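A quick note: this is a predicted structure, and the numbers were derived from the prediction, not measured. Just so we're on the same page: letters track the sequence lines, and every chain starts at 1.
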Amino acid sequence: MRLSTYFLPVLKETPNEAQIVSHRLMLRAGMIRQSSAGIYSWLPLGLRVLRKIEGIVREEQDRAGAQELLMPTIQSAELWQESGRYDAYGPEMLRIRDRHDREMLYGPTNEEQITEIFRGLARSYRDVPKILYHIQWKFRDEIRPRFGVMRGREFLMKDSYSFDTTADGARRAYYKMFVAYLRTFARLGLKAIPMRADTGPIGGDLSHEFIILAETGESQVFCHKSFLEKDPLALGLDYAADLKPVFDDWTHDYAATEEMHDAAKAAALGDDLVTARGIEVGHIFYFGTKYSKPMGATVAGPDGQPVTLEMGSYGIGVSRLVGAIIEACHDDNGIVWPESVAPFKVGLVNLKSGDAETDGMCEKLYAELTAAGVEVLYDDRDERAGSKFATMDLLGLPYQLVVGPKGLKDGVVEIKARAGGDRETLSPEAAIARLTA
RNA sequence: CGGGGUGUAGCUCAGCCUGGUAGAGCGUCGGCUUUGGGAGCCGAAAGUCGUAGGUUCGAAUCCUAUCACCCCGACCA
């Protein structure tokens with residue numbers, strides 16, 4: 001992509017309404033535009049990141065055996081009356097009437113919807129276990145939206161739902177999602193810590209929040225320092241195996257949010273206690289028959305008798321993650337994207353647009369890298385070098401490939417790693433080899 | 001919802017107290033000179049001062065209402 005033609009409205013100054021760093025940087029980097037309180041448009045650069053995150057979330061769900069479908073954003077009130085949540089949910093749910101005066105709602109979550117689908121189409125115990133998920137926009141009319149996309153009213157969520165006929169089966173599904181979440185957040189470049197959670201209005205008796213540590217996090221969290229050294233990607237990947245040992249390994253050390261905090265247990269850790277700020281990016285629940293029972297979601301058991309389904313639900317805040325990643329990955333000059341979610345891998349900086357030799361080398365590098373499948377944002381604008389460096393640092397692409405007349409005189413270009421700032425001077429051929437490696 | 005705050009040019013803000021018909025910097029557009037960490041000079045475009053009433057000869061400025069947005073609290077992916 002050429003910056004001269006890209007719709008990337010970069011701001012030099014920080015808009016007044018943005019208070020936290022991720023919101024400021026997203027606005028300055030031209031990723032989003034606010035539409036109204038807690039509702040945002042995603043501009044091209046922001047959308048690229050959102051899609052990358054979505055892709056990783058999807059891959060890990062699929063790998064764990066979950067199957068993607070897509071449910072509507074607009075739901076009928078009837079289902080929610082069946083589960084009893086239509087009244088319980090309160091004003092946070094956006095209620096709508098259609099032209100026939102039928103009560104509808106914009107879905108804040110989809111337990112009822114998926115339960116309706118499953119009860120209507122699954123007949124036998126042979127139809128389980130299943131984990132179904134979708135990645136869909138939600139609307140919750142939050143009392144106070146804030147922090148940009150971190151707590152929007154409209155947000156993109158990955159929500160999975162598991163169906164089993166036994167509590168044991170449901171726990172196996174829970175463990176699968178637990179492991180999938182560990183892997184997902186690790187791939188996103190985040191240190192996510194599972195913490196025992198309150199089940200809240202969704203209900204149930206087993207629940208974990210996945211919290212990432214960031215100085216600007218919303219809530220106080222406490223955990224054993226062992227979590228900081230664990231690497232989920234080092235785990236084996238056998239979802240058919242018994243995952244309870246993995247679950248136990250990740251839950252036996254102390255980790256809690258403020259609400260679930262046990263001061264005595266924490267104090268017992270002594271120097272091993274880490275106190276930090278955290279952002280909730282995922283939440284998983286095992287809630288048994290909370291919805292299946294009132295909604296009559298059963299399948300025939302081996303003996304022909306109906307069995308009420310055991311369910312769980314598993315959410316990841318996809319759009320929140322864009323902000324959360326920035327909270328965890330930035331410096332004074334701007335965003336520092338983990339490579340897995342960066343909107344482009346390489347920022348090609350032409351230090352002297354209009355200079356035939358520099359232009360020529362940039363075009364060559366741009367063409368060859370692009371042909372090799374590397375995503376390149378080429379700053380071909382007629383701007384001063386300082387301005388281009390500042391823009392690239394703000395955008396936070398992992399590598400800056402800097403091409404200028406001084407270097408070309410010696411036949412070299414420069415690669416700067418955004419994280420850490422290491423610079424390396426090398427030949428154009430070596431640079432291509434390095435960036436396509 | 002309770003408490004606090006802000007709405008003036010694309011962005012950041014001044015002007016309001018002490019009414020007299022709108023300014024700066026950045027950005028944008030044009031020109032010249034520059035060119036390895038947000039350049040300099042010259043010129044230009046751009047605002048029914050959130051909206052609606054009211055007071056007044058006259059309102060960005062005073063009064064009333066209303067809307068929007070932001071911050072602190074309870075809630076959440």
Output one line per pair: protein atom, nucleotide atom from nucleotides 25-33 of chain B, and distance, for all N/O pairs under 3.5 Å.
unit_1: B:G25; atom_1: N2; unit_2: A:Glu13; atom_2: OE1; d: 3.0

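Using a 4.0 Å heavy-atom distance criterion, A:Asp393 is classed as a base contact. Backbone-only contact: A:Ile316 has heavy atoms under 4.0 Å from sugar-phosphate atoms and none from a base. Residue A:Gly282 is in sugar-phosphate contact alone, with no base atom involved, counting any heavy-atom pair closer than 4.0 Å across all strands shown. Residue-level contact check: A:Val402 touches the bases, meaning some heavy atom is under 4.0 Å from a base atom.
Annotation: B:A60 and B:A22 have their C1' atoms spaced 8 Å apart (nearest Å). The gap from the P atom of B:G50 to that of B:C17 amounts to 15 Å, rounded to the nearest Å. Here the separation of B:U34 from B:C70, taken at their C1' atoms, is 41 Å to the nearest Å.
Between A:Arg151 and B:A74, a side-chain N or O to OP1/OP2 separation shorter than 4.0 Å is absent. Contact between the side-chain N/O atoms of A:Gln34 and the OP1/OP2 oxygens of B:A68 is not found at any separation under 4.0 Å. Dashed line: the shortest gap from a side-chain N or O of A:Arg144 to OP1 or OP2 of B:C72 is under 4.0 Å.
Nearest to the side chain of A:Arg423, among B:C72, B:G37, B:A77, sits B:G37. When distances run from any side-chain atom of A:Leu351 to the nucleotides B:C72, B:G36, B:G38, the shortest one goes to B:G36.
Judged by the 6.0 Å distance and 45° axis criteria, A:Arg48 is positioned over the aromatic ring of A:Phe344. A cation-pi arrangement is absent between A:Arg95 and A:Tyr106 under the rule of less than 6.0 angstrom and at most 45 degrees off the ring axis.
No hydrogens or angles considered: nothing links the side chains of A:Ser353 and A:Asp380 as a donor-acceptor pair under 3.5 Å.
If you check distances only, the side chain of A:Arg320 does reach the base of B:C76 with a donor-acceptor pair under 3.5 Å. Remark: the A:Arg146 side chain and the B:G73 base include no donor-acceptor N/O pair separated by less than 3.5 Å.
Put simply, A:Phe155 rests on the base of B:A77: the two rings are less than 5.5 Å apart at their centres and nearly parallel, under 30°.
The aromatic rings of A:Tyr89 and A:Trp80 stand perpendicular to each other, their planes meeting at an angle above 60°, with 30° marking the opposite boundary. Relative orientation of the A:Phe227 and A:Trp250 rings is tilted, given thresholds of 30° and 60° on the angle between their planes.
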